[in-house]
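These notes are about the structure you will find just below.
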Amino acid sequence: MTRAGRWIADHWVLGAGLLVLAYLLLPVAVVAGLSVNRPSSRLSYDFHDFTLAWWTDPCGAPGMCAALVRSVQIAFAATVIATVLGTLMAFALTTYRFRGRAATSILVFLPMATPEVVMGSSLLALFGAARVPLGLWTVVIAHVLFCVSFVVVTVRARLSGLDPRLPEAAADLYAGPWQTFHRVTLPLALPGILAAALLAFSLSFDDFIITNFTAGTTTTFPMYVWGTAQRGIPPQVNVVATAAFGVAVALVAVTTFRPRRR
Amino acid sequence: MTGSRSRPAYLLLLPAGLWLILFFVVPAVQLFGTSLYDPAGSLTEGYRMTWAFGNYPAALAAYWPQLLRSLGYAAAATVACLVLGLPLAYAIAVKAGRWRNVLLIAVVAPFFTSFLVRTLAWQTILSDSGLLVGLLRDVHLLGPDGRLLATPFAVVAGLTYNFLPFMVLPLYASLERLDGRLLEASADLYAGPAATFRRVTLPLAAPGIVAGTLLTFIPAAGDYINARLLGTPGTAMIGNVVDSAFLIRLDYPQAAALSFVLMAAVLLLVVAYLRRAGAAALDRVA
């Protein structure tokens, strides 16, 4: 093979991969662009005029900030509940052998193998039949449901990668079960738990389909976007989307590149 | 270990287990029950349980095109995700070197902009007055009246876009563990790059392919956002029908029947797929 041929053979995958990455990031760039654009009319999205008006007045779109706050509240509540419940279950599944372990794994897998529209509609059928009024709490219940499986899977992956001799060593050194958990297992599992919480928060914050079935008249940020999409979303929505992107990428970058302690 | 030693396990399991049973299993049963209600009832007057199994053939007769279309679009999007995801995952795992973490962050980064807002951005990109359509018309890949938005292509492209990271991450996870020496050994044994890819890389990536396929196909089959924002009524998927039957037409028995059919279809396909591909993948790894 010639040198040029070899270079192409070595690098075409990287080139193709970067093109795919560009495809993934293109809409984000468009959203960021629209957040500093003054369109010529409400329904047009052509790049017309540069402006920072939307960034300086993010709450200028009526109702948007209220929806945003509600989404953050829901995501916070769902993340806390799902992370605690899911972590406990992951500990049970990795630490103990017990009857019903396989059934528990299937129970955890099922929500992940069910389309959201099915989960949302079945919760609607249940809440309807039980005459539970739809609102903030039915949304939190639904969000915990789909987050908890992802928490179990994420924390379990971290726990099963840990050296089983470490808790044994702690026990040999006269640590009780609680002390072993508190001083050895929990700190080692913490990166997995934090990753699971971050995942749960972003899943909940961004969810539309299940929320739409369980929210009643409560409006979350994605529901606000959906509701305004027919008439053209207000430019402030692009500001929120761009800002959320920036904050999250910074958070992930900091946790990834921070010098690590093992 | 059973008996007293496993008691702490049950205590730890209880809260999440109860949540899953109360809000997943019970609603699924309720959904099945709802699908058998008397179709003549209404939400305001209340429904009577008449074990109306006829709701199923009636719903399928009316909406089989949407159901088939959903499974077809989801399958097309899954294949597209695999074709696009493999080079990206391979590039990150094998070629990226110290840029690996940066590229991984770039893969998950779009998740942090709202799903709906990104799909609306595709609406802008694919719109008739957009740059892309203009370019494709100029080079005659599209006719003068050719469109991208409101076509099946746009819906499948949107699904592909939205679920691509779910394919890339598991592919990356399995390729990252790939031992570079195996590729060298294959080359030493006179396998060309294509043969090495087909006979060594692909089998070793099989667990990632299986996981990625499930993670893209399942949500894509139930999605209705892409079909609504990027398609037309002619590209409606089963999710659109369930959504409107439950929330607009308020025809609960029919909506529940369709929802249950979707769940059963996806589960059957997943189990069939896992039995074929999953077992094969596990065999090759072990």
Side-chain angles (χ1 to χ4, degrees), chain A residues 9 13-14 16-17 20-21 23-28 30-31 45-46 85-86 88-89 91-92 96-99 104 107 110-111 113-118 121-126 129 141 144-145 148 152 202 206 208 213 221-222 225-226 229 233 237-238 241 244-245 248-249 252-253 256-257, chain B residues 1-2 6 8-10 12-13 15-17 19-20 23-24 26-28 30-31 34 84 87-88 90-92 95 101 103 105-107 109-118 120-122 124-125 164 193 218-219 221-222 224-225 229 239 242-243 246 252 255-256 259 262-263 266-267 270:
Chain A
V13 183
L14 195 57
V20 176
L21 203 55
Y23 165 69
L24 272 175
L25 292 172
L26 175 67
V28 184
V30 170
V31 171
Y45 293 106
D46 54 333
L85 298 191
L88 292 178
M89 185 174 252
F91 270 112
Y96 300 94
R97 317 223 137 257
F98 53 90
R99 206 172 294 164
T104 311
L107 192 61
L110 270 177
T114 306
E116 278 191 58
V117 68
V118 176
S121 56
S122 59
L123 278 168
L124 177 66
L126 176 79
I141 285 174
V144 171
L145 171 69
V148 83
V152 174
S202 59
D206 202 21
F208 172 71
F213 278 103
F221 180 67
V225 175
W226 182 260
I233 52 170
V237 166
N238 296 312
F245 175 80
V249 169
V252 174
T256 311
F257 294 113
Chain B
M1 269 186 263
T2 49
S6 55
Y10 293 120
L12 292 172
L13 285 176
W19 203 287
L20 287 168
F23 300 119
F24 183 82
V26 174
Q30 177 65 40
L31 184 74
T34 306
L84 294 175
L88 179 55
Y90 187 84
I92 299 176
K95 302 275 178 186
N101 281 338
L103 294 184
I105 292 177
V107 170
F111 275 139
F112 300 121
T113 321
S114 154
F115 173 84
L116 284 172
V117 176
R118 276 180 290 136
L120 288 167
W122 276 112
T124 310
I125 297 167
L164 183 56
I218 295 166
Y224 60 87
I225 292 170
L229 295 180
V242 173
D243 176 63
F246 256 121
Y252 271 35
S259 195
L262 173 64
M263 175 155 85
V266 168
L267 268 181
V270 165

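Given the structure is predicted, the values throughout are model-derived calculations rather than measurements.
Between chain B and the options A:Pro222, A:Ala129, A:Ala241, heavy-atom pairs under 4.5 Å are most frequent for A:Ala241. Of the listed residues (A:Val225, A:Val237, A:Val28, A:Leu107), the one with the most heavy-atom contacts under 4.5 Å to chain B is A:Leu107. Most heavy-atom pairs under 4.5 Å with chain B, from the set A:Ile141, A:Val249, A:Leu126: that is A:Ile141. Across A:Leu88, A:Val31, A:Val148, the residue that shares the most heavy-atom pairs under 4.5 angstrom with chain B is A:Leu88. Your options are B:Val266, B:Leu31, B:Val26, and the one with the most heavy-atom pairs under 4.5 Å with chain A is B:Leu31. Of the listed residues (B:Val242, B:Leu267, B:Leu88, B:Val107), the one with the most heavy-atom contacts under 4.5 Å to chain A is B:Leu88. By number of non-hydrogen pairs under 4.5 angstrom with chain B, the leading residue of A:Ser122, A:Ala113, A:Ala92 is A:Ser122.
Looking at A:Val118, the atoms closer than 4.5 Å to chain B (heavy atoms on both sides) sit in the backbone and in the side chain alike. Contact annotation for B:Ile105: only side-chain heavy atoms (C-beta onward) come within less than 4.5 Å of a heavy atom of chain A. Only the side chain of A:Phe208 comes within less than 4.5 Å of a heavy atom in chain B; its backbone stays farther off. At a 4.5 Å heavy-atom cutoff, the contact between A:Val144 and chain B is made by backbone and side-chain atoms alike. Residue A:Ser121 touches chain B through both its backbone and its side chain, counting heavy-atom pairs closer than 4.5 Å. For chain A, the nearby parts of B:Leu84 are the backbone and the side chain; heavy atoms of each come within less than 4.5 Å. The parts of B:Ala109 that come within reach of chain A are both its backbone and its side chain, each placing non-hydrogen atoms under 4.5 angstrom from that chain. For B:Thr34, the part lying under 4.5 angstrom from a heavy atom of chain A is the side chain only. Heavy atoms closer than 4.5 Å to chain A are found nowhere in B:Pro219, neither backbone nor side chain. Heavy atoms of B:Leu229 lying under 4.5 Å from chain A belong exclusively to its side chain. In this structure, chain A has a heavy atom under 4.5 Å from the backbone of B:Phe111, while its side chain stays farther away. Residue A:Thr114 touches chain B through both its backbone and its side chain, counting heavy-atom pairs closer than 4.5 Å. Using a 4.5 Å cut-off between heavy atoms, B:Leu20 touches chain A through backbone and side chain atoms alike.
No side-chain heavy atom of B:Trp122 sits under 4.5 Å from any side-chain heavy atom of A:Val30. Counting heavy atoms from C-beta on, the side chains of A:Phe213 and A:Leu123 never come closer than 4.5 Å.
The CH2 atom of A:Trp226 sits 11.5 Å away from the OG atom of B:Ser114 when rounded to the nearest 0.5 Å. We find the CG-CE distance between B:Leu12 and A:Met89 to be 10.0 Å, quoted to the nearest 0.5 Å. Rounding to the nearest 0.5 Å places CG of B:Leu13 at 13.0 Å from CZ of A:Phe91. Summarising the geometry, atom CG belonging to A:Leu145 is positioned 8.5 Å from atom CZ belonging to B:Phe23; distances are rounded to the nearest 0.5 Å. Separation of atoms OH (A:Tyr23) and CG (B:Leu164) is listed at 6.5 Å; rounding is to 0.5 Å. One finds the CG atom of B:Leu120 at 8.5 Å from the CG atom of A:Asn238 (value rounded to the nearest 0.5 Å).
Scored by the side-chain contact (heavy atoms from CB on, under 4.5 Å) test, B:Ala106 finds A:Leu21, A:Leu25 as partners (sequence neighbours excluded). Every residue two or more places apart in sequence or in another chain that forms a side chain to side chain donor-acceptor pair (under 3.5 Å) with B:Tyr224 is listed here: B:Asp243.
Between A:Ala248 and B:Phe112, the shortest heavy-atom distance links the atoms CB-CG, 3.1 Å.
Proximity of a side-chain donor or acceptor of B:Arg118 to a complementary backbone N or O of B:Pro110 within less than 3.5 Å is detected.
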